[in-house]
Each structure stands twice: as C-alpha cells, then as structure tokens.
Asks: 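Can you keep this structure in mind? I'll have questions shortly.
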Amino acid sequence: MSKPRILVASLVFPEVVQRLAQHFEVEAIAEGEQWPQEEFARRLADKDGAYITGGHRIDAALLAACPRLRIVSNMAVGHNNFDVAAMTAAGVQGTNTPDVLTETTADFGFALLMAAARRMAEAEAWLRAGRWQRWRYDMFAGSEVHGSTLAILGMGRIGQAIAQRGAWGFGMQVIYHNRSRLDATAEAACQARYVGMDELLAQADHLVLVLPYTSEAHHIIGTRELARMKPTATLVNIGRGGLVDELALADALRGGRLAAAGLDVFEGEPEVNPALLDLPNVVLTPHIASATVPTRLAMANLAADNLIAFFDGRGALTPVNAPVRFSQGKNG
Ligand code: 8YV
C-alpha cells in the first residue's frame, strides 16, 4: 500500500515535517521558496492531503483540479481561506487548530489593547529617536484600562479568554456582542453582559474584534460604526484584516474621532495600508497573536495530528466541515 502524498505548502517546524514524513510521502516547501496560488495548485494536483497555514485559498476551482485531494489541514483556527461548502461538496475534509492557541492569543489581544491605550509604541519610538529632553505632566497621557468598559465583538473561545482577563484582572465592565448569546454559566465565568451592536459601539472604552471573518462580517467596522464610538476609545483587531475598513479607521484616528488602535491583522497583508503606517496612534504588529514557541508548536503538531488521524482511519480530530472518512480504495 503506497503512503498518502502530502503537500506541506508553508514553512513549519522541521521536526513536524519529519513527523509527517514518517507517515506520508511529503513534498515540502523549502526556506526561501514562495508558491503563489497557481504553483500551489500545480503541486497539489497529485496529492492526497495538504498542510497549509492559511495563506492559500481552497475553493471549487482548486478542488476540481485536485481529484485525489481528501483533506486540507490549516495550521490556524481561522479558516476563512476555505470555501467550506465547496470542500464538503467535493468530499474534502477541512481541519483547523482550535483551543491550543486560545490563551496565548488572548494574552496578545490584551497586550495590544494596553499598548494602544497607553501609547507604548508611540512613546518608545519617540524615546529611541532621542527626543526625550525633559519630563512633562502630559507626556503620552493615554486612556485608562483598569475599571473601564471592555467591549468584545465575537465571543468565542478567544473572546471569552479576553473577557476573563478584563473582568478578573483589570476590574473592567465587560460587554459583548455575538451571533448568539452565551449561556448564563459562560456569561458568569467572564462577567460579561450581552448587548446589541449599537450599545457595544457607544459604550466601549476599548473594543476588541475577535470574530471570524466571513462575507457578512466584511468591514463590520466602518465609517458609520466608528462614528458611534467615543473619541477616547481604542479599537483592537486580532481577527482578520477584512473586518475593518482601514481607510475609515485611518481617517478617524487622524481626525481625533478615535484615540488609538492596535492592529495585528490587515486586509492586504503582508502589505499594510500606507494610510495606517504614517499614524502615530496605531500599534501595528505582523499577525503574531498566537506567536509563542510552545503555542506555534502545539498548532503545528495538531495540524499534523489531523492528517495522521484522518489517513489512519480514526477521522480528523478538529474538523471544520462534516467528518469525511478516508478509505484507501478511493485513491487507489
Ligand atoms: C495563525 C491565526 O498564526 O489561528 C489563526 O487563525 O490567525 C494565527 O494564529 C495564522 O493564521 C497563521 O497560521
């Protein structure tokens, strides 16, 4: 019986590639290489499975060109790069890496909130530029974090972990909006109160976006929403760049209609909108919310475990669509 063929299309820990190679015939991208979508599709055409980190789009056209493909394992919890309906229709299993990154990502979301509200990046750049001649009472005076109102849009696992940090660590009033309301036990665990979108925007001292990106959530924060927020408020985005209309945000930050922002994700990443790059009151980080060594290793191993469990017949561990069963006969 030949081993399933796997394409590892993004760089990942060498030890994880070695693990995969014990189970599969592996073709892996090498340091310095880049596979644009067409090259990715060409290499995937004769593979049974793919290991990716979210950069590649899995849609109907790609699936039609990859008749052997049975599973795509995403090393990320967000899977907006998957056309889940097309994958299900093609009998292709999609998997992601939930849970293992929850607390780490929440830590970073909170760090970004604090950095933006307390003007840390701006102050640091100023100090490094040698501009600190004397201390002033109003130097980099920002907004309060403890005791303020923390508003969370998207109350999944990461949203709840951020809420807990705010409520229990910083004595914040936590409000949230989500497609569905949490049950009473979950609300009590993070001391969070469910509100409508308008109230969320109006009450927020700090608004954190942590909802999944879908076409309905495209630019969920734009000119209209920003106008409803307090001019002293902070906006933090650790979800996906497409949640925010970046030009509207840059405009609000420049015009003093929003105090500060912290962004870890960008609509055209790795390109960053030049309108944001020039602003002092936005903290910009390169999509690193889950980036600790132990968490990235846990994500990488879970993505590998999904492939291993799928092809040995146990079924994927963390599927995002209806479970698909692998049978050796199907691919010959
Ligand atoms: C990933 C993320 O590191 O898991 C997600 O959805 O955004 C990050 O944790 C990134 O997508 C690359 O895999």
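Keep in mind the model is a prediction, meaning the values are calculated, not measured. For ligands, and for the atoms within them, numbers begin at 1 and follow the listed sequence.
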Asks: Relative to the heavy atoms of R296, which atoms of ligand 1 are at a distance of less than 4.0 Å?
Replies: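 Ligand 1 atoms under the 4.0 Å threshold to R296: 3 (O).
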Asks: Return yes or no for this condition: an N or O of V77 is under 3.5 Å from an N or O of ligand 1.
Replies: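 Right, the criterion is met.
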Asks: May I ask you to check whether G239 has an N/O atom sitting below 3.5 Å from an N/O atom of ligand 1?
Replies: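 No - when backbone and side-chain N and O of G239 are compared with those of ligand 1, no distance drops under 3.5 Å.
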Asks: Tell me which one of S290, A300, G78 gets a heavy atom nearest to atom 1 (C) of ligand 1.
Replies: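 Minimum heavy-atom distance to atom 1 (C) of ligand 1 goes to S290.
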Asks: Which residue holds the protein heavy atom closest to atom 12 (C) of ligand 1, what is that atom called, and what is the gap in Å?
Replies: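 Minimum-distance protein heavy atom for atom 12 (C) of ligand 1 reads T53 O, 3.3 Å.
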Asks: State, to 0.1 Å, how close A116 and T234 come at their nearest heavy-atom pair, and which atoms those are.
Replies: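 Shortest heavy-atom contact: CB-CG2, 3.6 Å.
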Asks: Around atom 13 (O) of ligand 1, find the nearest protein heavy atom and jot down its residue, atom name and distance.
Replies: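 Result: M75 O, 2.7 Å.
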Asks: Examine distances only and state if a side-chain atom of T105 and a backbone atom of L101 form a donor-acceptor pair shorter than 3.5 Å.
Replies: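 Confirmed, T105 side chain pairs with L101 backbone.
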Asks: Quick check: closest heavy atoms across Q37 and R57, and the distance to 0.1 Å?
Replies: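 Between these two residues, the closest heavy atoms are NE2-O, 2.7 Å.
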Asks: With a 6.0 Å cut-off on ring centres, are F311 and H23 close enough?
Replies: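 They do not qualify: ring centres at least 6.0 Å apart.
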Asks: Taking all atoms of both residues into account, what is the closest heavy-atom pair of A303 and N74, and its distance?
Replies: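 Closest heavy-atom pair between A303 and N74: CB-O, 4.4 Å.
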Asks: So if I count the atoms of ligand 1 from 1 in the order they appear, which ones are less than 4.0 Å from some heavy atom of L101?
Replies: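 Under 4.0 Å from L101, ligand 1 has these atoms: 4 (O), 9 (O).
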Asks: Looking only at protein heavy atoms, which one is nearest to atom 2 (C) of ligand 1, and how far off is it?
Replies: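 It is H287 NE2, 3.5 Å.
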Asks: Under 4.0 Å from ligand 1, counting heavy atoms only, is it the side chain of T97, its backbone, both or neither?
Replies: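 The answer is neither; T97 stays 4.0 Å or more away.
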Asks: Centres of the H146 and F170 rings: under 6.0 Å?
Replies: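 Ring centres of F170 and H146 not closer than 6.0 Å.
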Asks: Taking atom CD1 of I162 and atom CG of L150, what is their separation to the nearest 0.5 Å?
Replies: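 If we round to the nearest 0.5 Å, I162:CD1 and L150:CG are 7.5 Å apart.
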Asks: Suppose I only count heavy atoms of R240 and a 4.0 Å limit; which atoms of ligand 1 are within that range?
Replies: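 In order of numbering, the contacting atoms are 2 (C), 5 (C), 6 (O), 7 (O), 11 (O).
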Asks: Under 4.0 Å from a heavy atom of A76: give me the atoms of ligand 1 that qualify, with their elements.
Replies: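 Numbered from 1, ligand 1 contributes 4 (O), 5 (C), 6 (O), 11 (O), 13 (O).
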Asks: At a 4.0 Å cut-off, with the gap strictly under it, does some heavy atom of M299 reach an atom of ligand 1?
Replies: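 True for this residue.
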Asks: Do you know which two heavy atoms are closest between M299 and T97, and how far apart they sit?
Replies: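 Between these two residues, the closest heavy atoms are O-CG2, 3.4 Å.
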